[in-house]
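Presented below is the structure to which this report refers.
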Amino acid sequence: MENFQEHQRYQRAKERVDELKKFYNNLFSYFVVIGFLAGLNYYTNEWRNPWFLWAAFGWGIGLAFHAIKAYRINPVFDKDWEEQRIQKYMEEEQETQQRWE
């Protein structure tokens with residue numbers, strides 16, 4: 001039993017690291033691509049029409065939501081919240097089955 005719990009803790013920690021790694025990769029891609037688009041924008045019209053800001057803003061919104069999920073700022077995205085809900089629904093189902101038996 002203890003080995004199983006240790007394995008579960010390891011799996012949760014691994015999932016958390018994977019979430020953070022995906023966020024950092026997304027953040028790195030954001031800076032590279034937006035930097036490239038800003039350079040292209042400057043090269044084509046010297047920022048008289050800064051169209052790259054639309055891409056930066058749109059992707060930035062998605063990046064903000066990704067950060068909220070990765071850093072678990074919102075409890076709805078939290079794995080502990082999911083686990084609690086799963087346990088609650090499993091217990092409710094078990095109680096319902098016991099009443100019918």
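None of the values given here were measured: they were computed from a predicted structure.
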Where do Asn25 and Tyr30 land on the side chain to side chain contact (heavy atoms under 4.5 Å, CB included) test, with the steps shown first? CA-CA 9 Å; Asn25 284 335; Tyr30 175 82; over 6 Å; no
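Separation of atoms CD (Gln8) and CD (Glu6) is listed at 10.5 Å; rounding is to 0.5 Å. Residue Leu27 holds its CG atom at 12.0 Å from CG of Leu20, rounded to the nearest 0.5 Å. Annotation: the span from Lys88 atom NZ to Glu91 atom CD amounts to 10.0 Å, rounded to 0.5 Å. Interatomic distance, OH of Tyr24 versus CD of Glu19, reported as 12.0 Å (0.5 Å rounding). For the atom pair Gln97 CD and Glu92 CD, the distance stands at 12.5 Å (nearest 0.5 Å).
More than 12 heavy atoms of other shown residues, nucleotides or ligands fall within 6.0 angstrom of atom CD in Gln11. Heavy-atom neighbours of Glu93 CD from other residues, nucleotides or ligands within 6.0 Å: at or below the threshold of 12.
Two residues are said to be in side-chain contact when any heavy atoms from C-beta on lie closer than 4.5 Å; Lys22 and Asn26 fail this criterion. Inter-residue side-chain proximity for Ser29 and Trp59 is flagged as met; some heavy-atom pair is nearer than 4.5 Å.
Judged by distance alone, the side chain of Trp47 and the main-chain N or O of Ala38 form a donor-acceptor pair under 3.5 Å. Judged purely by atom type and a 3.5 angstrom limit, Asn41 uses its side chain to pair as donor or acceptor with the backbone of Asn49. Put simply, the side chain of Tyr89 never gets that close to the backbone of Gln84: no donor and acceptor are under 3.5 Å apart.
Smallest separation of non-hydrogen atoms from Phe23 and Ala70: CB-CB, 3.8 Å. Between Leu37 and Ala55 the shortest heavy-atom distance is CD1-CB, 3.9 Å.
Residues Phe65 and Phe57 fall within the same hydrophobic cluster, defined by Ile, Leu, Val, Met, Phe, Trp and Tyr side chains chained together at heavy-atom separations under 4.5 Å. The hydrophobic cluster containing Phe52 does not contain Tyr43, counting ILVMFWY residues as joined when their side-chain heavy atoms lie under 4.5 angstrom apart, directly or transitively. Clustering ILVMFWY residues whenever any of their side-chain heavy atoms sit less than 4.5 angstrom apart, transitively, puts Phe31 in a cluster other than the one holding Phe28.
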